[in-house]
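Chain identifiers are assigned alphabetically (A, B, ...) following the order of the sequence lines, protein sequences preceding nucleic acid strands; residue numbering begins at 1 within each chain.
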Amino acid sequence: MIRVCVQTEEFDVGQEAARLSRVSDSVGGMSLFVGQVREQNDGLESLSLEHYPGMTEALLTELAQQAHARFNLLACTVVHRVGTLGVGAPIVFVGSSAPHRAAALQATAFLIDRLKTGAPFWKREHFKGGRTAWVEAKEADDTAAAAWD
Amino acid sequence: MIRVCVQTEEFDVGQEAARLSRVSDSVGGMSLFVGQVREQNDGLESLSLEHYPGMTEALLTELAQQAHARFNLLACTVVHRVGTLGVGAPIVFVGSSAPHRAAALQATAFLIDRLKTGAPFWKREHFKGGRTAWVEAKEADDTAAAAWD
Amino acid sequence: MATAVTVLYFASLREQIGREHDTAPVPPIGVSVRALQAILAEQDATVGQVFAATPRLRVAINQALATFENTVKPGDEVAFFPPMTGG
Amino acid sequence: MATAVTVLYFASLREQIGREHDTAPVPPIGVSVRALQAILAEQDATVGQVFAATPRLRVAINQALATFENTVKPGDEVAFFPPMTGG
């Protein structure tokens, strides 16, 4: 089972977990990741997230299918929010379920590492006082994504 | 923040996630793992989980403290159920939150790998027809735990 | 029959160029993405400047990641954007 | 003043021995876990047989994992169990 959503609304971690859990009696482990807007004494107030409608869903689905096949998953889910998100707001949910824990843990790490640089989302930071800045792509993220090649 | 529970009741993944998320504005990533009772065409009906009261809580707390320090976590949670758990029932919840995703992902993998062989829980399988068997310790679990040395 | 491609700009490109899309005429046989960039820069010098000022510019053709050597034909949707920063 | 240790059995050990705990007298100076095992086996041959039949037997003293060379003193709580299978 593959579930991919791009949405402005907040997702429900409990509900997403329940979906991944109930997909089969063979589920032994479920690994979930949630990314959220972080403030590090830099006066960040919010992020605005822009994406490329259509292409985003297609690439996330492809990514989820890759994870499903590579790690023999029973289910995987990717939910990514767009729009304006305040500090502390959840941005992305990734989850995998598999018979054994190692596959689930690895699949979720793979999905979030690949999603960061491989799906058409762009973040803009809004700081106190009105300053804004596009988030720069990080080399560390490219390295993390490439480590799964 | 460290939270350790040993309980018979089911845990609420959404609530546990919310606790880990809200601990600080510096949380950028949160990694969660749920283990559940798996049936693999072997006629398993339930597991009964026995533990060593007192020692379990102490070892889980020590393990959580190790993860907190080693991965610079903002919070981590371990909830482990005991008693009789049917197929599909959640057994264990592990979660970590950190400023960045890599630390959270690694900490959660560390916690579940170490917990499997390092905390005094014992599982007994109950099959259709009344047969029961103690779950044997797996060498792969020792290897996974030792990989974090 | 289409004689042009639709061009989309995202994120900092959209902002610097000041609009979300352009159209550009291309021959039926198609042109490379690089040639399309030249056509767009001739239509509007700002576009050329923004392309030049964007390190690691990315391109997608019909919503699939592409290279600057790939061919673009009339009717295609071509998107330009900076490196992606999701998650 | 205590003159004995409390011994706990868990999981397959508890089941095979048929009870959850024993007590065993030890001298004030203490004895090794190995010596305690011998004392327990003398009290009840079944205990000795179960110890012998349990590969990778584990021991904890006062709720902390220990080795069979560690010393056990009167008043201590000593637990024997098979490898742990949590998670």
Side-chain angles (χ1 to χ4, degrees), chain A residues 11-42 44-45 47 74 86-102 104-106 108-113 115-116 138 140-141 143-144 147, chain B residues 11-42 44-45 47 74 86-102 104-106 108-113 115-116 138 140-141 143-144 147:
Chain A
F11 44 77
D12 182 319
V13 174
Q15 260 178 37
E16 297 298 343
R19 273 201 187 92
L20 288 164
S21 149
R22 286 184 202 133
V23 73
S24 156
D25 278 352
S26 298
V27 174
M30 191 164 66
S31 168
L32 317 174
F33 178 83
V34 177
Q36 64 184 49
V37 183
R38 166 181 100 249
E39 202 273 341
Q40 304 253 58
N41 300 318
D42 52 3
L44 185 74
E45 283 191 327
L47 288 183
L74 294 163
V87 166
I91 305 170
V92 60
F93 173 93
V94 168
S96 314
S97 56
H100 296 282
R101 74 183 182 288
L105 290 165
Q106 286 172 32
T108 295
F110 166 87
L111 282 164
I112 188 67
D113 281 347
L115 179 157
K116 283 248 163 192
K138 292 181 201 78
D141 286 338
T143 310
Chain B
F11 43 78
D12 182 319
V13 174
Q15 259 177 38
E16 297 298 343
R19 274 201 187 93
L20 289 164
S21 149
R22 287 183 201 134
V23 75
S24 157
D25 278 351
S26 298
V27 174
M30 192 164 65
S31 169
L32 317 173
F33 178 83
V34 177
Q36 64 184 50
V37 183
R38 165 180 102 248
E39 202 272 343
Q40 304 253 60
N41 299 317
D42 52 3
L44 184 74
E45 283 191 328
L47 288 184
L74 294 164
V87 166
I91 305 170
V92 60
F93 173 92
V94 169
S96 315
S97 57
H100 296 283
R101 74 183 182 288
L105 290 165
Q106 286 173 30
T108 295
F110 167 88
L111 282 164
I112 188 67
D113 281 349
L115 179 158
K116 283 247 163 194
K138 292 181 201 78
D141 286 337
T143 309

Sort [X] into side chain, backbone, both or neither according to what part of it lies under 4.5 angstrom from a heavy atom of chain B.
X: A:P90; result: neither
X: A:N41; result: neither
X: A:V37; result: backbone

If you define the side chain from C-beta out and look only at heavy atoms, does anything of [X] sit under 4.5 Å from [Y]?
X: A:V13; Y: A:V34; answer: yes
X: B:H100; Y: A:R38; answer: yes
X: A:F33; Y: B:L32; answer: no

Worksheet item: When heavy-atom pairs shorter than 4.5 Å are enumerated against chain B, which of A:A104, A:A109, A:P99 gives the highest number?
Response: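 The candidate making the most pairs under 4.5 Å is A:P99.
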Discussion item. Below 4.5 Å, heavy-atom pairs only: which of A:D113, A:T108, A:L20, A:V27 has the largest tally toward chain B?
Written reply: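 Among A:D113, A:T108, A:L20, A:V27, the one with the most close pairs to chain B is A:V27.
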Fill in: Top contributor to chain A interface from B:S21, B:A140, B:A17 [non-hydrogen pairs under 4.5 Å]
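Top count of heavy-atom pairs under 4.5 Å with chain A: B:S21.
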Practice prompt. Could you grab the distance from atom CD1 of B:I112 to atom CZ of B:F93, nearest 0.5 Å is fine?
Written response: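 Those atoms lie 11.0 Å apart.
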Item to complete: Could you tell me the separation between the CD atom of B:Q106 and the CG atom of A:L105, rounded to the nearest 0.5 Å?
Response: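 B:Q106 CD to A:L105 CG: 11.5 Å, rounded to 0.5 Å.
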Worksheet entry | Per-residue contact mode, B:A144 against chain A (heavy atom under 4.5 angstrom) |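 Interface part for B:A144: side chain.
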Worksheet item: Which region of B:D42, side chain (C-beta onward) or backbone (N, CA, C, O), has a non-hydrogen atom less than 4.5 Å from a non-hydrogen atom of chain A, or is it both or neither?
Response: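 Neither the backbone nor the side chain of B:D42 comes within 4.5 Å of chain A.
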Discussion item. Looking at A:D12 and A:R19, is there a salt bridge between them, counting it only when a charged N and a carboxylate O are closer than 4.0 Å?
Written reply: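 Salt bridge flag = no for A:D12 with A:R19.
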